[in-house]
**Student:** 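This is the structure, below, for whatever I ask next.
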Amino acid sequence: MSADSLSAPPLSRHDALALLHQRHYSELVRLAFALTGDWNLAEELAQEAFVRAWRSWTNLRNQQSAPAYLCTTVVNLARTSLRRRLRETREMQEAGAARDTAVPELTGPATRVDVLRALACLPQRKRECVVLRYYLDLSETQTAQALGISVGTVKSQTARAPRQLRPLLVQDEATVNRLGRGRSGSDD
């Protein structure tokens, strides 16, 4: 740390959040998308995280922790959104309107394996751990702090996730391969 950075006056809330937005907005949108699978919702969640940071700026003990605060806020907003979506789906099913939004289909374009769809099939906590650890490249400690869980839980969830993802990805890959063979016309 240079002497200049120690003597520099702290940024105003507006300037600090503008800088945070410039540096972290797209990363937060990608995080929200990985958790929800909905791009529009992901943008809304990232924007809401910044609104909440604006409102609680004076309550942040250490403004250097603002990126972690934003990340945790996005994860919590995604959780709330997914719960709301699940509740709405249940209510619609109970009312007789059959909507199959609880579990996404694993059929996608025949050109690639859709990892995001497979991730969406994981239980919420496991999906959050995987996304934070491997998509955002957070350490186990940072992931645990963002989710408010122990490091051991992060380790166990991320260790078990590949076993759950593998059959989904293999199933999707088999579908891709089957579709690819069917289009090749080699059996004609």
Side-chain angles (χ1 to χ4, degrees), residues 17 20-56 66-95 97-109 111-140 142-149 153-154 156-169 171-173 175-176:
L17 283 167
L20 282 168
H21 188 273
Q22 180 184 0
R23 290 182 180 170
H24 299 284
Y25 177 74
S26 61
E27 176 183 300
L28 293 170
V29 171
R30 289 190 307 267
L31 167 63
F33 179 73
L35 294 172
T36 65
D38 181 333
W39 193 258
N40 291 328
L41 177 60
E43 289 180 334
E44 288 177 25
L45 297 179
Q47 291 168 10
E48 178 63 22
F50 279 98
V51 168
R52 291 183 181 200
W54 175 269
R55 288 182 189 147
S56 62
Y69 173 85
L70 289 166
C71 181
T72 300
T73 302
V74 166
V75 169
N76 289 335
L77 289 169
R79 255 187 220 154
T80 301
S81 174
L82 291 171
R83 283 187 200 127
R84 184 181 316 114
R85 196 181 327 173
L86 183 59
R87 186 176 59 247
E88 289 170 357
T89 300
R90 286 182 190 148
E91 289 170 0
M92 291 187 76
Q93 287 174 343
E94 289 172 3
R99 271 185 26 169
D100 188 26
T101 58
V103 179
E105 292 180 33
L106 287 176
T107 58
T111 57
R112 65 181 170 85
V113 175
D114 195 347
V115 175
L116 287 174
R117 287 188 183 179
L119 276 173
C121 293
L122 290 177
Q124 181 176 336
R125 175 62 48 96
K126 196 170 289 182
R127 180 175 58 246
E128 292 168 352
C129 288
V130 169
V131 168
L132 292 175
R133 279 286 289 130
Y134 302 115
Y135 187 73
L136 286 185
D137 201 27
L138 297 182
S139 69
E140 290 170 341
Q142 291 169 323
T143 301
Q145 289 172 344
L147 296 175
I149 58 178
T153 301
V154 171
S156 68
Q157 294 296 306
T158 55
R160 293 178 186 150
R163 285 178 276 195
Q164 272 186 279
L165 287 171
R166 192 170 292 115
L168 299 173
L169 295 173
Q171 176 184 350
D172 201 21
E173 190 173 285
T175 302
V176 169

**Student:** For side-chain contact (heavy atoms from CB on, under 4.5 Å), just list the numbers for Q157 and R133, CA-CA rounded to whole Å, side-chain angles, deciding distance to a tenth of an Å, and then say yes or no.
**Tutor:** CA-CA 10 Å; Q157 294 296 306; R133 279 286 289 130; over 6 Å; no

**Student:** For L122 and R127, work out which heavy atoms get closest and say how close.
**Tutor:**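 It is O-NH1, 2.9 Å.
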
**Student:** Look at the aromatic rings of W39 and F33 and report parallel, tilted or perpendicular, splitting at 30° and 60°.
**Tutor:**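 It falls in the perpendicular class, over 60°.
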
**Student:** Shortest non-hydrogen contact from V130 to L119?
**Tutor:** CG1-CD2, 3.7 Å

**Student:** With rounding to the nearest 0.5 Å, note down the distance linking CD in Q47 to CG in L28.
**Tutor:**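 So the CD of Q47 and the CG of L28 are separated by 11.0 Å.
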
**Student:** When you check the gap from the basic side-chain N to the acidic O, do R125 and E128 get nearer than 4.0 Å?
**Tutor:**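 Judged by the 4.0 Å cut-off on N to carboxylate O distance, R125 and E128 do form a salt bridge.
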
**Student:** Are the side chains of C121 and Q164 in touch, meaning some heavy atoms are under 4.5 Å apart?
**Tutor:** no

**Student:** Rounded to the nearest 0.5 Å, what separation is found between the OH atom of Y25 and the CG atom of L70?
**Tutor:**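 It is 12.0 Å, given to the nearest 0.5 Å.
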
**Student:** Side-chain contact test, heavy atoms from C-beta onward, threshold under 4.5 Å: evaluate it for L132 versus Q145 and give yes or no.
**Tutor:**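 Not touching, per the 4.5 Å side-chain cut-off.
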
**Student:** Report the C-alpha separation of C129 and I149 in whole Å, then their side-chain angles, then the decisive distance to 0.1 Å, and conclude whether the side-chain contact (heavy atoms from CB on, under 4.5 Å) test is met.
**Tutor:** CA-CA 10 Å; C129 288; I149 58 178; 3.9 Å; yes

**Student:** Over all heavy atoms of both residues, which pair between L31 and C71 is shortest? Give the atoms and the distance, please.
**Tutor:**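 Residues L31 and C71, closest heavy atoms: CD2-SG, 3.7 Å.
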
**Student:** By salt bridge (Lys or Arg N to Asp or Glu O under 4.0 Å), which residues pair with E44, not counting sequence neighbours?
**Tutor:** none

**Student:** Keeping the roles fixed (side chain from E27, backbone from H24), state whether a donor-acceptor pair exists under 3.5 Å.
**Tutor:**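 Side chain of E27 to backbone of H24: no pair is present.
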
**Student:** Which value, rounded to the nearest 0.5 Å, describes the distance between Q142 atom CD and E140 atom CD?
**Tutor:** 10.5 Å

**Student:** What heavy-atom pair brings L45 and A78 nearest, and what distance separates the two atoms?
**Tutor:** CD1-CA, 3.7 Å

**Student:** Just by modelled atom types, is the Y69 backbone N or O under 3.5 Å from a matching donor or acceptor in the T72 side chain?
**Tutor:** no

**Student:** Work out which heavy atom in L20 is nearest to a heavy atom in P67; give both atom names and the distance.
**Tutor:**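 Heavy atoms of L20 and P67 come nearest at CD2-CG, 3.8 Å.
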
**Student:** Of all residues at least two apart in sequence or in a different chain, which pass the salt bridge (Lys or Arg N to Asp or Glu O under 4.0 Å) check with R160?
**Tutor:** none

**Student:** Between A49 and L77, which heavy-atom pair has the shortest distance, and what is it?
**Tutor:** N-CD1, 3.9 Å

